[in-house]
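First the structure, in the form of structure tokens, and then the observations on it.
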There are 2 protein chains.
Amino acid sequence: MADDTLKPVAQRHERVRRQHNDELAEDYVEAIHGLLEENEQARVTDLQGIFGVSHVSVIRALDRLEARGLLERSRKEGIRLSAEGQQMAQESARRHELVVKFLRVLGVSNTRAEADAEGIEHHLSEETLRAMRRLIRQRERG
Amino acid sequence: MADDTLKPVAQRHERVRRQHNDELAEDYVEAIHGLLEENEQARVTDLQGIFGVSHVSVIRALDRLEARGLLERSRKEGIRLSAEGQQMAQESARRHELVVKFLRVLGVSNTRAEADAEGIEHHLSEETLRAMRRLIRQRERG
DNA sequence: TCAAGAATGTAGCACAGGCTACATTTCAGC
DNA sequence: GCTGAAATGTAGCCTGTGCTACATTCTTGA
Ligand SMILES: [Mn+2]
Ligand SMILES: [Mn+2]
Ligand SMILES: [Mn+2]
Ligand SMILES: [Mn+2]
């Protein structure tokens, strides 16, 4: 459908649904990228521990991400991110860091900042991200 | 499971999944509350227009919300919120307004503020909400 | 009044993302 | 090299949230 004769309020809700579709992909490639950097490998078990779901759920998520071209798996090579996957991972990680930093500057504790960032990071427009960077800069200088 | 022997990172992701479970409920009761205030009635068609989904999806969502005790429906009375539903609606509406206000104060345009708020409003701790109110107060005064 | 159209509801489908139970493969330590 | 445990994979289930097609009920204007 993707009808743009939708009312503005409906377009906003549709956008949130799209963001939720991308959310799992963003968090997974970010986690995989992190694991590959520090461990040389990213295993199903590691991801199970990170996301707190069963190994079956991890495997099925990886299947979908592989179908989307974000990663590849093989018995001997393990999980590797595609170019697109790496791109998404880096952007997601940078954005995650930015959101946490922003919340910290606002005065939120580290624990809460990390927790809230995990959800809100997927719902921010470029404009809002710019505004966050601006506030960080202001608070860090003057 | 709801195991609290989960790693902290897994607890964060679990919390986000819980927030997504409540998200539809919060947005629906908020929308219904608004419709009842200005129209005296909230119809399936109205909600279809607000959320941009089919009337079938609205009806099935209402079924679930009714099962959760947030509202009641009858042929002649239409949709009415339960006490719990009204409570949730008011809190959701207040929080939504707060988030929009915060983003506006940050310098985000009204359109983008409304759009981003629709997603992030469901992922904020009390601590972050307090920090947002604090910034609004600071900016509004001196 | 009654027929058309609007609104609501039902049947049945798809897919994402959870789960348990069971099967297979891989890997370490003896 | 063998064996038991860890890791991975499969089968089959559930719920939520989306859809189209069809059925019913309500409302309204000629
Ligand atoms: Mn996240
Ligand atoms: Mn993240
Ligand atoms: Mn919302
Ligand atoms: Mn979300």
For residues 23-30 of chain A, which side-chain N or O atoms pair as donor and acceptor with protein atoms under 3.5 Å away, sequence neighbours left out?
from, atom 1, to, atom 2, distance (Å)
A:Glu26, OE1, A:Arg95, NH2, 2.9
A:Glu26, OE1, A:His122, ND1, 2.6
A:Asp27, OD1, A:His122, NE2, 3.3
A:Asp27, OD2, A:His122, NE2, 3.3

D:dC19 phosphate, OP1 or OP2, under 4.0 Å from B:Ser57 side-chain N/O: yes
Proximity to DNA chain C (any heavy atom under 4.0 Å), residues of residues 33-46 of chain B only: B:Arg43, B:Val44, B:Thr45
A:Glu66 CD - C:dG17 P separation (whole Å): 16 Å
Heavy-atom closest contact (A:Leu98 atom, A:Leu129 atom, distance): CD2-CD2, 3.8 Å
For DNA chain D, the residues among residues 115-123 of chain B that have a non-hydrogen atom under 4.0 Å from it: none
Integer-rounded Å distance: C:dG18 C1' and B:His13 NE2: 16 Å
Mutual orientation of the aromatic rings belonging to B:His123 and B:His20 [parallel < 30°, tilted 30-60°, perpendicular > 60°]: perpendicular
Same apolar cluster (I L V M F W Y, side chains within < 4.5 Å links), B:Val16/A:Leu103: no
Single-linkage hydrophobic cluster, 4.5 Å side-chain cutoff, B:Leu35 and A:Leu6 together: no
Quiz: residues 43-54 of chain B side-chain donor-acceptor pairs under 3.5 angstrom, not counting sequence neighbours:
from, atom 1, to, atom 2, distance (Å)
B:Arg43, NE, B:Asp46, OD2, 3.4
B:Arg43, NH2, B:Asp46, OD1, 3.1
B:Asp46, OD2, B:Arg43, N, 3.0
B:Gln48, OE1, B:His55, N, 3.4
B:Ser54, OG, B:Val56, N, 3.4
B:Ser54, OG, B:Ser57, N, 3.2
B:Ser54, OG, B:Ser57, OG, 3.3

Distance below 4.0 Å between B:Ser54 side-chain N/O and D:dC19 OP1 or OP2: yes
Atom-to-atom span, CG of A:Leu47 to C1' of C:dG17 - whole angstrom: 15 Å
Integer-rounded Å distance: D:dT17 P and B:Gln48 CD: 17 Å
Nucleic acid contacts - residues 17-28 of chain B versus DNA chain C, non-hydrogen atoms under 4.0 Å: B:Arg17
Residues A:Asp22, A:Arg68: salt bridge by 4.0 Å N-O rule: yes
First encountered from the 5' end of DNA chain D, between B:Ala61 and B:Val56: B:Ala61
Working for side-chain contact (heavy atoms from CB on, under 4.5 Å), residues A:Glu77 and A:Arg80: CA-CA 8 Å; A:Glu77 295 275 356; A:Arg80 286 148 301 151; 3.4 Å; yes
Stepwise side-chain contact (heavy atoms from CB on, under 4.5 Å) test for B:Lys101 and B:Arg133: CA-CA 9 Å; B:Lys101 180 80 173 291; B:Arg133 286 187 210 100; over 6 Å; no
Rounded distance in Å - NE2 (A:His55) to P (C:dT26): 15 Å
Sub-4.0 Å heavy-atom contacts from residues 67-81 of chain A onto DNA chain C, ordered by number: A:Arg75
Closest nucleotide among D:dG9, D:dG18, C:dC19 to the B:Arg60 side chain: D:dG18
A:Gln87-A:Glu91 side chain donor-acceptor pair, cut-off 3.5 Å: yes
Flag side-chain contact, heavy atom, 4.5 Å: B:Ser82 against B:Leu71: no
Test: B:Glu14 and B:Lys7 ion pair at under 4.0 Å: no
Sub-4.5 Å side-chain heavy-atom contact between B:Glu127 and A:Ser109: yes
Common cluster, B:Val100/B:Leu124, ILVMFWY with side-chain heavy-atom separation under 4.5 Å: no
